[in-house]
Amino acid sequence: MNNLQTEVEEFRSYVARWVDERLIPQAEAIDHAGTFPTELFKELGELGYFGAMYPESAGGSGLQHPYSCFTVLCEELARGSMGFAAGVCMQGSTATHTIFQWGGPTLHEKYLAPALTGEKIGAFAITEPNSGSDAASLRTKAVKVDGGWLINGTKIFTTNGTVADFITVVATTNPGKGAKALELFLVDTTSPGFSVGRKLDKFSVRSSDTAELVFEDVFVADDHRLGEGEGGGFLNAYKSLTVDRIFTAALALGTGRAAYDAALRYAKERSQFGQPIGKFQAVQFKLVDMLAKLEQARLYTYHAAALADADRPITTEAALAKIVAGDGCNEVCQMALSIFGGYGLMNEYPVQRFLRDSYFPMVGGGTSDIMKLVVARQLGF
Ligand SMILES: Cc1cc2nc3c(=O)[nH]c(=O)nc-3n(C[C@H](O)[C@H](O)[C@H](O)COP(=O)(O)OP(=O)(O)OC[C@H]3O[C@@H](n4cnc5c(N)ncnc54)[C@H](O)[C@@H]3O)c2cc1C
């Protein structure tokens, strides 16, 4: 094994044990309840996993291959519960990455360090009720005032939204100027004028917290603006969101693996016409197709993560990984459900949860079709 494989596989074995012992036994219950699993989240934070992407100087783990390790963290957690994994993914990547990259020492001390130990929870809000794929058309406004900015607007689908202590908010400083006027502002959720509009109920990733957020004259001090001024902020957000696509692909891979493992076991246990259903070639072919899709997802996702570790461009590879893993794992989960027959529709078996959850990676962080647009742009269109 080379250096990369050794570090990543050691890292995986620790996470996998925690997932088997702590997360899987609670996965059904937290999905059913549809509430944010605070205790499990804090426990994972205390173990240091939220810092997997960051150097020791910032309070992180100081891993040599941070992107590959964080990819494996997302994958293994999603093998247990994609809902839980989605909240962790937000905490350990986009919500903290923007502060790590572009926040000053005060923000590092006040938000980044406690977020990496799980004492504070973070979120990232760009999507609005009328602006999703077309992020540049967002309407949340930031107006310059003495010593800072006043933020006004509404955000939707914010992961960790109702439980967050801080939120990186994307707002426009000039609604007429599109993407060029988008900036990042770190909002403390104790700020006057901030409120949770509503917690959103959903059929997929139910244990992840998803919210509508309202900002009414929320004051943000100058040093809470992240980035280098007009145009820089959006570019910064875009970099964090690009990396995030690899982690979303990893979420799909983890849940796809769980669905495949469950279906393989079931195909060997369930008998019809006097033999295990896995003896029927139609069932075998499904399992082989599932395996091929998982292998494809694995290769694309790990390749993009290795490029990120090598500080190489990832725009195309991260988008391709998200398409291949997201769409592929949804198909894997559909096939797993069909192998379970009628039992697949029963809540006492987790395959229905795997299928429900598999829709999230095809939307979160940009839909599969938007990923295709990203790649097409790289081809010169
Ligand atoms: C569970 C969950 C968690 C999320 N967490 C967060 C979060 O933490 N922070 C955050 O900011 N956002 C978050 N999102 C938002 C997510 O990123 C958006 O839902 C996604 O980008 C799509 O935007 P939309 O829902 O407005 O769909 P729309 O943009 O309205 O798209 C609707 C359909 O039109 C298609 N479409 C749109 N434009 C084009 C085009 N140009 N060409 C071809 N097809 C097009 C899309 O592919 C899609 O099929 C989350 C979403 C979900 C479901």
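Counting starts at 1 for both ligands and their atoms, in listed order. Along the sequence shown, the residues carry numbers beginning at 1. Every heavy atom of this structure was used, including side-chain atoms; hydrogens, water molecules and symmetry mates were not.
- Every residue meeting the ring-ring contact (aromatic ring centres under 6.0 Å, His included) condition with F340, not counting sequence neighbours, appears here in chain and number order: Y266, Y349.
- The side-chain hydrogen bond (donor to acceptor under 3.5 Å, both in side chains) search around S68 returns D309, not counting sequence neighbours.
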Name every donor-acceptor pair, under 3.5 Å, that has one atom in a side chain of residues 370-381 and the other anywhere in the protein, sequence neighbours excluded.
none

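- In this structure, Q275 places its CD atom where more than 12 heavy-atom neighbours from other residues, nucleotides or ligands lie under 6.0 Å away.
- Salt bridge annotation for R206-D357: absent, with no cationic side-chain nitrogen under 4.0 angstrom from a carboxylate oxygen.
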Does ligand 1 have any N/O pairs with the protein under 3.5 Å, and how far apart?
residue, atom, partner, partner atom, Å
ligand 1, 5 (N), F157, O, 2.7
ligand 1, 5 (N), T159, OG1, 2.8
ligand 1, 8 (O), T159, N, 2.9
ligand 1, 8 (O), T159, OG1, 3.2
ligand 1, 9 (N), F124, O, 2.8
ligand 1, 11 (O), I126, N, 2.8
ligand 1, 11 (O), T127, N, 2.9
ligand 1, 11 (O), T127, OG1, 3.1
ligand 1, 12 (N), T127, OG1, 2.7
ligand 1, 17 (O), G365, N, 3.4
ligand 1, 29 (O), S133, N, 2.9
ligand 1, 29 (O), S133, OG, 2.5
ligand 1, 47 (O), T367, OG1, 2.7

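- The shortest side-chain heavy-atom distance between E39 and K42 does not fall under the 4.5 Å cut-off.
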